[in-house]
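This chain uses plain numbering: 1 for the first residue, then up along the sequence. Whatever order the structure lists ligands and atoms in, that order sets their numbers, starting from 1. Since we're looking at a predicted model, the values are computed, not measured.
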Amino acid sequence: MRKNIIAGNWKMNLTPSESKGLVNMLKDACEAAKCDVVFCVPYVDIDTVTKELEGCKNIAVGAQNLHFEDHGAYTGEVSADMLKEMGVKYVIIGHSERRQYFGETDETVNKKIKMALRKGLIPILCVGETLQMKDDGITIDHISIQIKRAFRGVDSEDVDRVIIAYEPIWAIGTGRTASAYQAEEVCAGIRAIIGDIYGDEIAENIRILYGGSMNSENCEELMAMPDIDGGLIGGASLKNDFNLIVNSVRE
Ligand code: 13P
């Protein structure tokens, strides 16, 4: 019912010329995949990657951030209209690295979600707990607050266009993955939170991804979980591993 989706988050890696090489290494496998595939690339790579992907129906281009205003005096920022005109379809919002290093808050996340939806971009909303929160047993409490604030004022007819990525901060770039059962427990919890706010039907339709040291070795176990509808992949999206991950996804 929910189509799986595998999204690569390239983070701050690859110049435009370098991005060509990676796209060409990945595009055949991604085009043949039985899931939706997204490459979330640095702004400066969008043009090159879009051109390299011309004619590929199964692979979309995503950005890693956007600004919450239409336009104006916001030096260094990029608007939704700019992304749309470049052919971008998806946008990551509220990644923990932006929350940690660039002052992203639940409030700016909320504004960005609304802007993305208003402009027809598909937001990939990232939520997740720190190691301390996990140890304190407040993972779901924390994520519940992040989700409620992110969706404040979002109309129910727009909600299932949002993709939620559960990314435990302690698992990002550390090689430490949440076990499939841990990840499933939180993803099922996220679905329940959406159900509480918007009802069961919307909760059933919304796609929830896992992210955090996902690779070709652990992806099948994670993807086999009923509430995990795909992955947001960092390090492994920059190499052949990504081909193996997309190939392992069943319908
Ligand atoms: P890694 O896969 O490198 O742990 O990164 C996950 C992530 O942050 C994706 O957004």
Side-chain angles (χ1 to χ4, degrees), residues 4-14 18-19 22 26 30 35-43 45-46 49 59-66 88-102 104 109 112-113 116 121-131 133-134 139 142-143 146-147 150 162-180 182-184 186-187 190 207-223 225 228-249:
N4 287 311
I5 172 165
I6 298 287
N9 176 7
W10 292 9
K11 306 194 180 184
M12 195 178 72
N13 293 293
L14 306 186
E18 290 167 343
S19 74
L22 182 63
L26 301 180
C30 293
C35 56
D36 291 334
V37 179
V38 186
F39 296 162
C40 296
V41 307
Y43 291 137
D45 294 346
I46 291 171
V49 171
I59 313 168
V61 176
Q64 300 171 13
N65 185 30
L66 83 171
V88 167
K89 300 273 186 297
Y90 292 77
V91 58
I92 295 174
I93 295 175
H95 192 282
S96 61
E97 287 149 15
R98 295 218 59 86
R99 295 179 194 253
Q100 186 176 352
Y101 305 126
F102 303 104
E104 189 85 270
V109 166
K112 290 178 179 187
I113 296 272
L121 292 165
I122 300 174
I124 303 176
L125 164 68
C126 298
V127 296
E129 82 285 10
T130 62
L131 187 57
M133 291 169 184
K134 175 179 173 306
T139 295
H142 175 69
I143 289 174
Q146 286 185 317
I147 289 180
V162 181
I163 295 166
I164 300 176
Y166 166 51
E167 298 209 313
I169 293 168
W170 48 269
I172 295 177
T174 58
R176 223 183 124 180
T177 326
S179 74
Q182 275 173 330
E184 166 60 17
V186 178
C187 290
I190 290 172
R207 293 192 283 182
I208 302 176
L209 315 182
Y210 169 79
S213 297
M214 195 161 167
N215 57 40
S216 58
E217 271 156 35
N218 56 31
C219 64
E220 283 190 62
E221 206 188 343
L222 286 157
M223 294 282 304
M225 291 293 156
I228 299 180
D229 306 313
L232 184 56
I233 325 277
S237 71
L238 298 168
K239 43 190 186 185
N240 188 50
D241 236 34
F242 198 73
N243 284 335
L244 304 176
I245 295 171
V246 298
N247 272 327
S248 75
V249 179

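A side-chain N or O of E167 and one of H95 form a donor-acceptor pair less than 3.5 Å apart.
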Quick one, W170 with E129, criterion side chain to side chain contact (heavy atoms under 4.5 Å, CB included). Give me CA distance, side-chain angles, the key distance, then yes/no. CA-CA 8 Å; W170 48 269; E129 82 285 10; 2.9 Å; yes
Determine, stepwise, if the pair M223 / I6 fulfils side chain to side chain contact (heavy atoms under 4.5 Å, CB included). CA-CA 10 Å; M223 294 282 304; I6 298 287; 4.1 Å; yes
Decide side chain to side chain contact (heavy atoms under 4.5 Å, CB included) for V246 and L26; before the verdict, give the C-alpha distance in whole Å, the side-chain angles of both, and the deciding distance to 0.1 Å. CA-CA 10 Å; V246 298; L26 301 180; over 6 Å; no
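The closest protein non-hydrogen atom to atom 7 (C) of ligand 1 is E167 OE2, 3.2 Å. Nearest non-hydrogen protein atom to atom 3 (O) of ligand 1 is G235 N, 2.8 Å. Among all protein heavy atoms, the one lying closest to atom 2 (O) of ligand 1 is G234 N, 2.9 Å.
Taking every non-hydrogen atom of L232 and a distance limit under 4.0 Å, the qualifying atoms of ligand 1 come out as 9 (C), 10 (O). Atoms of ligand 1 lying under 4.0 Å from at least one heavy atom of G212, given by number and element, are 4 (O), 6 (C). Annotation for ligand 1: atoms under 4.0 Å from non-hydrogen atoms of K11 are 5 (O), 6 (C), 7 (C), 8 (O).
For the ligand labelled ligand 1, residue G173 lies inside the 4.0 Å heavy-atom shell.
For a threshold of 3.5 Å applied to N or O pairs, the pair formed by S213 and ligand 1 contains at least one separation below that value.
Annotation: ring-ring contact (aromatic ring centres under 6.0 Å, His included) contacts of W10 (sequence neighbours excluded): F39.
Residue-level proximity to ligand 1 for N9 is carried by the side chain, the only part with a heavy atom below 4.0 angstrom. Of the heavy atoms in A171, only backbone atoms (N, CA, C, O) come closer than 4.0 Å to ligand 1.
Checking side-chain atoms of Y210 against main-chain N and O of E184 turns up no donor-acceptor pair under 3.5 Å.
Here the closest heavy-atom approach between residue I143 and residue Y166 is recorded as CD1-CE1, 3.6 Å.
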